[in-house]
Amino acid sequence: MRFAALTASIFALSMTAALPVYAASEHQPTAQSAEVQQANIKVTTAWSRELPPTAPVGAAFMTIDNHNAQADRLISASSPIAEVTELHAHIHEGDVMRMVKVDAIDVPAHGQLILEPGGYHVMLINLKKPLVAGEALPLTLQFEHAGQMDITVNIKSSDAGTSAQQSEMDHSAH
Ligand SMILES: [Cu+2]
């Protein structure tokens, strides 16, 4: 898995004709939790919320920075802790807000994509283990250009601030 990610990183760099080719060692993905950089795509503050052990679904949120001159797209995600992992958006239908599955989410060139409660998120469906505060879950992101990236999603306690009500709304449609 690590080898595959590194290969994707080098491949993505070599495809960027306008840039000089750097030594691969300068661009190895870091394995730090909650902050992973690869091929000039950087993922920070990846988090999920703790849920009761019986909860069938959860959601992961994060900030994705694209330092490339080329736009990219998040095209899929997967995790060993969920049977199915989907990319979701929230849409308004009149006064009702509901989640819909999307095929891809744009990451603008020299821009930022924020996955957050009430907006885009990674949906973890049919959880195989409970989401426990203080623990972390592994998530693999697939980008159209940057390739595959393995990240760690930190699970926060449900009373750790930031829009708990919205998080509840996230899951009401399932
Ligand atoms: Cu969802």
Side-chain angles (χ1 to χ4, degrees), residues 1 5 8 29 32-38 41-66 71-109 111-174:
M1 194 65 90
Q32 265 176 309
S33 70
E35 181 169 326
V36 176
Q37 184 159 16
Q38 177 182 321
I41 294 263
K42 190 175 185 186
V43 178
T44 50
T45 57
W47 65 281
S48 186
R49 192 173 298 283
E50 75 170 340
L51 293 170
T54 52
V57 299
F61 312 101
M62 67 201 71
T63 299
I64 301 171
D65 284 291
N66 180 7
D72 210 329
R73 298 199 307 162
L74 179 60
I75 53 175
S76 69
S78 63
S79 175
I81 71 137
E83 250 172 60
V84 178
T85 306
E86 293 180 349
L87 304 177
H88 279 191
H90 270 99
I91 57 164
H92 294 274
E93 282 183 342
D95 289 340
V96 182
M97 208 174 171
R98 69 177 187 92
M99 298 193 295
V100 291
K101 186 185 172 194
V102 293
D103 291 333
I105 307 172
D106 290 334
V107 189
Q112 190 176 62
L113 166 65
I114 298 176
L115 308 189
E116 59 190 343
Y120 288 117
H121 55 280
V122 174
M123 203 80 212
L124 304 161
I125 299 167
N126 294 343
L127 293 171
K128 296 173 186 173
K129 65 189 279 285
L131 302 184
V132 178
E135 294 187 358
L137 66 94
L139 189 68
T140 300
L141 304 174
Q142 188 75 40
F143 292 92
E144 187 173 55
H145 299 295
Q148 189 173 299
M149 191 181 301
D150 295 323
I151 66 163
T152 300
V153 177
N154 294 315
I155 302 168
K156 288 187 189 175
S157 118
S158 56
D159 49 29
T162 67
S163 55
Q165 287 156 339
Q166 247 181 341
S167 177
E168 308 237 333
M169 203 155 65
D170 275 351
H171 305 122
S172 61
H174 282 281

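Remember, it's 1-based here, ligands and their atoms both numbered in the order they're listed. If you're wondering where the values come from, they're calculated on a predicted model, not measured in any experiment.
Around the Cu ion (ligand 1), the angle linking M99 (SD) with M123 (SD) is 120°, rounded to 10 degrees.
Among the backbone and side-chain atoms of H121, an N/O/S atom is found under 2.8 Å from the Cu ion (ligand 1).
Within H88, the N, O or S atom lying nearest to the Cu ion (ligand 1) carries the name ND1.
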### Task
Show your reasoning for whether salt bridge (charged side-chain N to carboxylate O under 4.0 Å, His left out) applies to E135 and K129.
CA-CA 11 Å; E135 294 187 358; K129 65 189 279 285; 3.5 Å; yes
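Under the 4.5 Å side-chain criterion, counting only non-hydrogen atoms from C-beta, D103 is not in contact with I75.
Of the inter-residue distances, the one linking R98 atom CZ with I91 atom CD1 reads 4.5 Å to the nearest 0.5 angstrom.
More than 12 non-hydrogen atoms from other residues, nucleotides or ligands lie less than 6.0 angstrom from NZ of K128.
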